[in-house]
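Counting convention: from 1, in listed order, for ligands and their atoms alike.
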Amino acid sequence: METEGRAPRVLVGVTGCIAAYKACEVVRLLQKAGCEVRVCMTEGGEHFVAKATFEALTRYPVLDSLFSFEPTAIPHIDSAEWADLQLIVPCTANVLAKIAHGIADDALSSTVLAAVSPVMVAPAMNVHMWQNPATQENVQTLTRRGIQVLTPASGYLACGDIGEGKLPPVDQIAEAALSVLYANDALKGKRLLITAGPTHEAIDPVRYIANASSGKMGYALAREAARRGAEVTLVTGPVSLKAPYGVKVVPVVSAQDMYEAALSAWQESDCAICAAAVADYTPKEHADHKLKKSHEHLDRVELVETKDILAALGASKGTRPVIGFAAETNDVLDYAKRKLQTKQATMIVANDVSRQDSTFGSDTDRVSFVTDADIEEMPVLPKSEVASRILDKIQTLL
Ligand code: CTP
């Protein structure tokens, strides 16, 4: 989205639902991500959270009436024109229905009707209200009109029922909003395969061989590629990260699982980025019962080599870019050049993990792009910015 260099502007609409207090956190998350936020509330919303709370958070008057602003202002029109995104969180069944039917009987519904920017709603309600065909038809109407309706989570609801209707986690809502605000079409129509995280190689049902990969790099790449309009398949080993918005996540455990999932997705992909720290070795045999240290030679687990996913993709790449990583502690560029050859990659992202600011699990990296043609050295950058630079490079290769 083009915002001419200024902070993206989000108008958060708060409606009358017990989950209204979670909108405070959404406001904070958007502000932390660099957005300017204003709030519009329904009368019902104000029963749950005082408007002073949002005014303190945003340092701006809450819009809750069509008639209370300056006589020269037309609050719902001005607010709609101000916003780059209108985000209704939480959105009740009633407000969802009003939007679907073009009813504009208060400040919030009038502002949505006057929208000139994308609108996103995060519904939250009782499971039966959510499942009611009236609500479902309204959701379909909104979706058909290009309004993004976030899928409610399932769980224990405020009314005591268990089922669908919970507000999605606030970080997911903020991420969905940011993905709209920062969206562009640079990779539209391109299908990217990304591997991420460690693999776990089982020794027995309770033990495995793993490594310290956090998965942050692969997830940052997937998030940024999706924001650029790519169709992303993220084949990921076990990590504790949330799925990036708009990305197809294929969870796997072992190197063999990752190999199979990646090779299958590769058939339909235009480019691959292998950011996973795949185990190089796996136990030759996987015991189906817990091994005893005293009796069953746990100290002499026999290992065999795993299949190299990057090399397999490189060998079958044709004209498709295949990007690999080399995490090294010494002779970084020499090893990266060797990997470029042996794995038939288009580019290796070389990472000196002996540095404090570039180690496994850190939020920054200092990398170099190694291709047949040259080596480009990057400064220390946040992982999200490294992901951006890698995708900038890929855009020149696609
Ligand atoms: N890789 C892969 N499949 C494997 C092993 C590695 O796709 N079975 C990919 C990684 O995702 C990464 C690159 O290959 O892009 C890393 O190369 P690798 O040879 O694994 O590096 P190291 O494990 O550090 O090996 P070495 O000790 O040989 O340097």
Side-chain angles (χ1 to χ4, degrees), residues 192-202 208-222 225 232-239 241 250-267 269 271-284 303-317 320-355 358-361 365 367-372 383 386-387 389-391 393-394 397:
L192 259 65
L193 160 65
I194 299 173
T195 67
T199 62
H200 287 184
E201 308 304 319
Y208 55 80
I209 302 169
N211 60 64
S213 167
S214 65
K216 285 180 186 170
M217 189 68 242
Y219 275 62
L221 281 160
V232 183
T233 303
L234 178 64
V235 179
T236 173
V239 293
L241 299 173
V250 183
V252 295
V253 176
S254 68
Q256 180 62 25
D257 296 343
M258 188 175 274
Y259 178 88
E260 285 166 19
L263 268 283
S264 151
W266 182 228
Q267 292 171 24
S269 301
C271 169
I273 311 175
C274 292
V278 188
D280 293 319
Y281 292 93
T282 190
K284 187 173 181 194
L303 298 176
V304 291
E305 236 177 297
T306 57
K307 290 184 190 142
D308 194 315
I309 303 164
L310 176 58
L313 303 183
S316 59
K317 70 180 186 302
R320 297 176 289 178
V322 170
I323 318 299
F325 279 74
E328 308 287 353
T329 54
N330 55 290
D331 304 313
V332 181
L333 294 177
D334 284 344
Y335 282 129
K337 280 189 227 160
R338 207 174 298 170
K339 283 193 174 109
L340 188 72
Q341 302 305 327
T342 54
K343 307 206 183 203
Q344 300 180 57
T346 316
M347 179 170 94
I348 293 288
V349 180
N351 190 4
D352 182 350
V353 288
S354 67
R355 297 172 54 100
S358 204
T359 188
F360 268 30
D365 272 331
V367 302
S368 302
F369 297 163
V370 180
T371 62
D372 277 332
K383 279 193 158 71
V386 174
R389 305 264 181 123
I390 293 171
L391 290 165
K393 186 81 186 170
I394 287 173
L397 299 169

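- When atom types are taken as modelled, the side chain of T195 and the backbone of A276 share a donor-acceptor pair closer than 3.5 angstrom.
- For D334, the side chain to side chain donor-acceptor pair (under 3.5 Å) test picks out no residue, with sequence neighbours left out.
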When you check ligand 1 against the protein, what N or O pairs turn up below 3.5 Å? List the atom names and distances, or just say none.
unit_1	atom_1	unit_2	atom_2	d
ligand 1	3 (N)	I309	N	3.0
ligand 1	7 (O)	L310	N	2.8
ligand 1	8 (N)	K307	O	2.8
ligand 1	11 (O)	C274	O	3.3
ligand 1	11 (O)	A276	O	2.6
ligand 1	14 (O)	K343	NZ	3.1
ligand 1	15 (O)	C274	O	2.7
ligand 1	15 (O)	F325	N	2.8
ligand 1	15 (O)	F325	O	3.4
ligand 1	17 (O)	K343	NZ	3.0
ligand 1	19 (O)	K343	NZ	2.8
ligand 1	21 (O)	K339	NZ	3.2
ligand 1	23 (O)	D280	OD2	2.9
ligand 1	29 (O)	K339	NZ	2.9

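- Between E328 and R338, none of the side-chain N atoms (NZ, or NE/NH1/NH2) sits under 4.0 Å from a carboxylate O, so this pair counts as no salt bridge.
- Side-chain atoms of N211 come within 3.5 Å of backbone N or O of A277 as a donor-acceptor pair.
- Residues F325 and I273 have side chains in contact (heavy-atom distance under 4.5 Å, counting atoms from C-beta outward).
- Side chain of T346 to backbone of V322: a donor-acceptor contact under 3.5 angstrom is found.
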